[in-house]
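The structure follows.
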There are 2 protein chains.
Amino acid sequence: MKTRVTIKDIARQLNLSHATVSRALNRSDDPFISVATRERVRKTAEEMNYQPNHAARALVTGKTGIITMWLWSEGRQGSYHARVSQFMQAQLEPEPYQLIIDLMSYKSLGFGKEKLMSPWAVDGIIAHEADPVLSKLNGDSAIFPIPIVSMGAYQLMYTQDLVGVDIRPGSDAAMDHLILGGRKRIAYLTDDLPHRVTDARYVAYTVKMEEAGFPTEFIPLENPLRAVVRTKMREYLESHQPPEAIFCHNDDMAIAAYRALCDLGIRCPDDVALVGCDGIEDTEYLETPITTIVQPMERMCELAWEYLSRRMKDPSTPIQQTWLPAKLEIRESSMS
Amino acid sequence: MKTRVTIKDIARQLNLSHATVSRALNRSDDPFISVATRERVRKTAEEMNYQPNHAARALVTGKTGIITMWLWSEGRQGSYHARVSQFMQAQLEPEPYQLIIDLMSYKSLGFGKEKLMSPWAVDGIIAHEADPVLSKLNGDSAIFPIPIVSMGAYQLMYTQDLVGVDIRPGSDAAMDHLILGGRKRIAYLTDDLPHRVTDARYVAYTVKMEEAGFPTEFIPLENPLRAVVRTKMREYLESHQPPEAIFCHNDDMAIAAYRALCDLGIRCPDDVALVGCDGIEDTEYLETPITTIVQPMERMCELAWEYLSRRMKDPSTPIQQTWLPAKLEIRESSMS
DNA sequence: TTGAAAGCGCTAACAG
DNA sequence: CTGTTAGCGCTTTCAA
C-alpha cells in the first residue's frame, strides 16, 4: 500500500519541521526563510515527487481552486453551449483554477438548493443564462457569499456582476432587414416557450411585425434538437404554404431549417429567407451561409472571468456590469 | 462573518456528538443508530441548511468525487471534442461525480508530471486520445494507482482498460468507395503530422493508393482551424489542378474544404469528392451532406464510464477492453 | 445505540 | 530564520 508523500515526509528527510517545508514550498515571497533551505526543500520535494494534497489545503484555507460554470441547457446542449464551454475552458486554462461545468435545467430546479451546487464549495461561479437558478436562489445566504458573475443574453437581476449580451438591436435589425427585403410572411421558430416574454428576439419579432401590420406566425417546437427541428420543419412546410422568411431562435434551428428546405427542394433565400441567432461557426460553412445575430461569446467569457477573478480577489469591488452588443451579420440566406 | 454550518453545529443543537450526526447523515445502512435519532438529525440538518464540506470529507476518505477527462486538443478544440465532452458530461450527470476536463497538448507535456494532473487527487481518469500523456507517464507510480480508462482512436498501449475505436475498416471502406467510384487522384488533407504513422486513416490511404497504383498527394495544414483550412484549401485549389477526391482527416476539415470548394465554384461531388471522419452532426446538414467515417462517440463514452466506475469500485477487475468499429456512412459528397 | 478521541495533510499564528 | 502548536470539518475505530 503506497501512500503519497506528504510535507511531513520531506520534513523528516531534511530534519525540518513540516511547517518550514510548507513555507518553503508556498509563499515564495516570505523573507523569513533562508534561500538555502528553500532550495533544499524544493529539490527534495521534486525528488520525492511530492504532490500537494488539495483537499487538505482547501480544508484549511477555505479555497478550493474550483470554478463552476452553470450552463443552462434545458434538453440537450447545442453548438452554442459547446462553444461557450470551450471559450470558458480556454479562459481558465492558464489560471490556477479548475472548471466544473454544471448542467442546469428546469429539472435541476426541482431539486433542493444543495443539489444545484457542485458539492464542492467552489471559489466562484459563472452563471451562464442561469437566471432561473439565480431567481430560485435569490438572496440565499448559503450561496451568495460565493462570488457570482452572470453572463449571457437572459438577465433578469441587474443587481450583480454581469456580462450581458444585448441581442435586441441585432434582432430589430434582423427584422428590419427582412421587412425591407420585401418579406411579409415572416414566421418565428422556437422551442423556448417559457422564456418567450423575456426574450429579445421574440419581442423584436412581435413588435416589428405589429409595426409593419403583418400577422405573426409561430412554428413551435417541443425540442431544440437539430434532428427534431428538421423533421418538424419539413412537416410544417409540407402542410403549409412556406412563409417568405423564418426568424429562428438560434443557429442550430436555422441550420436544421435550412436542411429541411433542402430536403424539399425549396430554395433559400429565393423562396424562404432564413435568419438565425448566436453566431456559431457552422452557419458560415453551409453552401448558403446563414444570416445571424452574432454573440460576442469569446469577449463575454473573457470579461466574465475578469470580473469574477477581480471579485474573488477583492469582494468589495464595486458592482461590475457590461452589456455587449450582438450584431446582425447579413449573409446569403436572407438576401433578396 | 457567517460561516457554513457543520455537523458540530447540528450536534450541539441536538445534544449529540458530531460522530453520531455523521453516521446518521451518511451510512444509511448502519443499523446501529436509532431510527428516531436519524430522523431528528436529518430534519435539523435540512432546517439548518447543512452542506457537507467535501474538502474535509475528501481529506479523510481520500476520495474526491472528481473525475478528470484528459482531452487531447492540440491547438483548438474542434466539433468532435465538443461532442465528446458533451457526451461525457451527460454520462456523469446522474452520478455523484464531478467532471473536470483537462485540455492536453504537446505544450502540457513540456511541463512536469504534476502539471499534467488536475491538482486534485481525482478518483478516476478518462484519457481521451491522450496517448502521448500516457506514454510520458508510463508506469509512473504516483499516477497509475488512479484508475484510468483510455478511449478513442489512438491507442498505443494495450495493457489497460480501453475503449478503442477502430477506424481502419471504415477508412479502408472509404478508400475503396472512392477508388471504385473511379477517382484516381485522391488527396489526403491533414494537419496531424506527428500522428501520421499511427493513424489508421493515413495508413489506409497510403496502402490503398499503393495497391491501386496511384501516387499519393498530401495537402498539409499547419493548423486544424476551419478558417485556416478553408483559406489553405482555396490556395491549394487555385494553384493546383483540383484532385478528384479529398480524404480529410476529420469532419471539421471536410466542412472547411467543402466551403472552399463552394468559394471557388467547384462542384462537390461532381468535380471533387469529399470524405471526412468523425461523424459530427454538421456534416449531415450541409446542402451536400458529407460522407464520413462515423465514430460511435456516445457508446464510447458510455462504455468508458462503465469501465471506469467498475474499476473504481473494484481495482482487481480483470482488464476491460473493447474495440468499437467506426463505420463509413456514404453520403452525397462522394457519390459518382 | 451513542460518545470520545484520533487523525487525514496542510496552513498560520505565535514562540523561540 | 525555524519549530511548536492548534485547528480546518469530517470519518472511523474503540469504548462505554
Side-chain angles (χ1 to χ4, degrees), chain A residues 1-42 44-45 48-65 96 114 119-123 142, chain B residues 1-42 44-45 48-65 96 114 119-123 142:
Chain A
M1 177 59 196
K2 71 180 58 115
T3 164
R4 283 167 49 150
V5 8
T6 72
I7 47 173
K8 284 192 182 166
D9 298 325
I10 301 178
R12 203 173 309 116
Q13 180 89 12
L14 257 38
N15 251 344
L16 288 170
S17 73
H18 69 279
T20 305
V21 174
S22 170
R23 264 173 305 205
L25 256 22
N26 315 319
R27 350 230 324 195
S28 47
D29 50 324
D30 191 334
F32 299 125
I33 193 156
S34 73
V35 186
T37 311
R38 166 159 296 141
E39 256 329 296
R40 280 201 309 148
V41 172
R42 275 206 210 298
T44 18
M48 300 178 71
N49 193 22
Y50 167 70
Q51 308 266 97
N53 180 326
H54 276 247
R57 184 175 290 170
L59 179 56
V60 51
T61 61
K63 298 283 163 220
T64 54
E114 53 295 342
W120 289 90
V122 297
D123 292 347
Chain B
M1 179 54 198
K2 69 179 58 114
T3 165
R4 287 169 46 153
V5 7
T6 72
I7 47 173
K8 283 192 183 168
D9 297 326
I10 302 178
R12 203 172 309 118
Q13 182 88 13
L14 256 39
N15 252 340
L16 287 170
S17 73
H18 68 277
T20 306
V21 174
S22 170
R23 263 173 306 206
L25 256 22
N26 315 320
R27 350 228 325 191
S28 48
D29 49 323
D30 191 335
F32 298 126
I33 191 153
S34 72
V35 186
T37 312
R38 167 158 294 139
E39 255 329 294
R40 282 201 308 147
V41 172
R42 275 206 210 296
T44 17
M48 300 178 72
N49 193 22
Y50 166 71
Q51 309 266 96
N53 179 326
H54 276 249
R57 184 174 292 171
L59 180 56
V60 51
T61 60
K63 296 282 162 222
T64 55
E114 53 294 343
W120 287 90
V122 297
D123 292 348

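All of these numbers come straight from a predicted model, not from anything done at the bench.
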### Message
Would you say A/Thr37 places a side-chain N or O within less than 4.0 Å of OP1 or OP2 belonging to D/dT2?
### Response
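Yes, A/Thr37 has a side-chain N/O under 4.0 Å of OP1/OP2 on D/dT2.
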### Query
Sub-3.5 Å donor-acceptor pair from the side chain of A/Thr44 to the main-chain atoms of A/Arg40, do we have one?
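Such a contact is found between A/Thr44 side chain and A/Arg40 backbone.
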### Query
Over how many whole Å does the gap from A/Lys63 atom NZ to C/dA12 atom C1' extend?
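Checked: the NZ to C1' distance equals 16 Å.
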### Message
Quick check: on DNA chain D, is the nucleotide nearest A/Leu16 upstream (toward 5') of the one nearest B/Ser22, or the reverse? Name the residue that is more 5'.
### Response
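The 5'-side residue here is A/Leu16.
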### Message
I'd like to check B/Thr6 versus B/Asn53 (side-chain heavy atoms, cut-off strictly below 4.5 Å). Are they in contact?
### Response
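B/Thr6 does not reach B/Asn53 side chain to side chain.
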### First encountered from the 5' end of DNA chain C, between B/Ser17 and A/Leu59
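Taking each residue's closest nucleotide, the earlier one in sequence belongs to B/Ser17.
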### Query
If you take all heavy atoms of A/Pro52 and A/Arg57, which pair is closest and at what distance?
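Looking at all heavy atoms of both residues, the closest pair is CB-NH2, 3.5 Å.
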### Message
Expressed as a whole number of angstroms, how long is the span from A/Glu39:CD to D/dT2:C1'?
### Response
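Atom CD in A/Glu39 sits about 18 Å away from atom C1' in D/dT2.
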### Task
Of all the heavy-atom pairs spanning B/Tyr50 and B/Leu25, show the shortest one and how long it is.
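Smallest interatomic distance, heavy atoms only, reads CE2-CD2, 3.8 Å.
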### Message
Using heavy-atom distances to pick each residue's nearest nucleotide on DNA chain D, tell me which of B/Ala55 and B/Ala19 is more 5'.
### Response
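Counting from the 5' end, the first nearest nucleotide belongs to B/Ala55.
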### Task
Output the single nucleotide from C/dC10, C/dT2, C/dC14 whose closest atom is nearest the side chain of B/Arg23.
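Nearest listed nucleotide: C/dT2.
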### Task
Please state whether the base of D/dT2 and the side chain of A/His18 form at least one donor-acceptor pair under 3.5 Å?
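It does not, because no donor-acceptor pair links the side chain of A/His18 to the base of D/dT2 below 3.5 Å.
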### Task
For side chain to side chain contact (heavy atoms under 4.5 Å, CB included), just list the numbers for B/Val41 and B/Arg38, CA-CA rounded to whole Å, side-chain angles, deciding distance to a tenth of an Å, and then say yes or no.
CA-CA 5 Å; B/Val41 172; B/Arg38 167 158 294 139; 5.9 Å; no
### Query
Hey, does A/Asp9 reach any base, or is it just sugar-phosphate, or nothing, if we go heavy atoms under 4.0 Å?
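Touches nothing.
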### Task
Measure the distance from NZ on A/Lys8 to P on C/dC10 and round it to the nearest whole Å.
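Distance check: A/Lys8 NZ to C/dC10 P gives 9 Å.
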### Whole-Å gap separating P (C/dA13) and CG (A/Asn26)
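Answer to the nearest Å: 14 Å.
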### Query
Expressed in angstrom and rounded to an integer, what is the separation of B/Leu25 atom CG from D/dC10 atom P?
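Going from CG in B/Leu25 over to P in D/dC10 covers 9 Å.
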### Query
If you check the B/Asn53 side chain, which of D/dG9, C/dT2, C/dG9 turns out closest?
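Nearest to the side chain of B/Asn53 among the choices is D/dG9.
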### Query
How is A/Thr6 classified with respect to the nucleic acid when contacts are heavy atoms under 4.0 Å: base, sugar-phosphate, or nothing?
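Sugar-phosphate, backbone atoms only, no base.
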### Query
CD1 of A/Ile7 versus P of C/dA12: gap in Å, rounded?
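It works out to 11 Å between those atoms.
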#### Entry: Euclidean distance, atom NE2 of residue B/His54 to atom C1' of D/dG9 [Å, nearest integer]
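Going from B/His54 (NE2) to D/dG9 (C1'), I get 12 Å.
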### Query
Looking at the side chain of B/Val60, which of C/dT11, C/dC8, C/dT1 is the nearest nucleotide?
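Of C/dT11, C/dC8, C/dT1, C/dC8 is nearest to the side chain of B/Val60.
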### Task
Rounded off to whole Å, could you give me the CZ-to-C1' distance for the B/Arg12 and D/dC10 pair?
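Rounded to whole Å, this separation is 15 Å.
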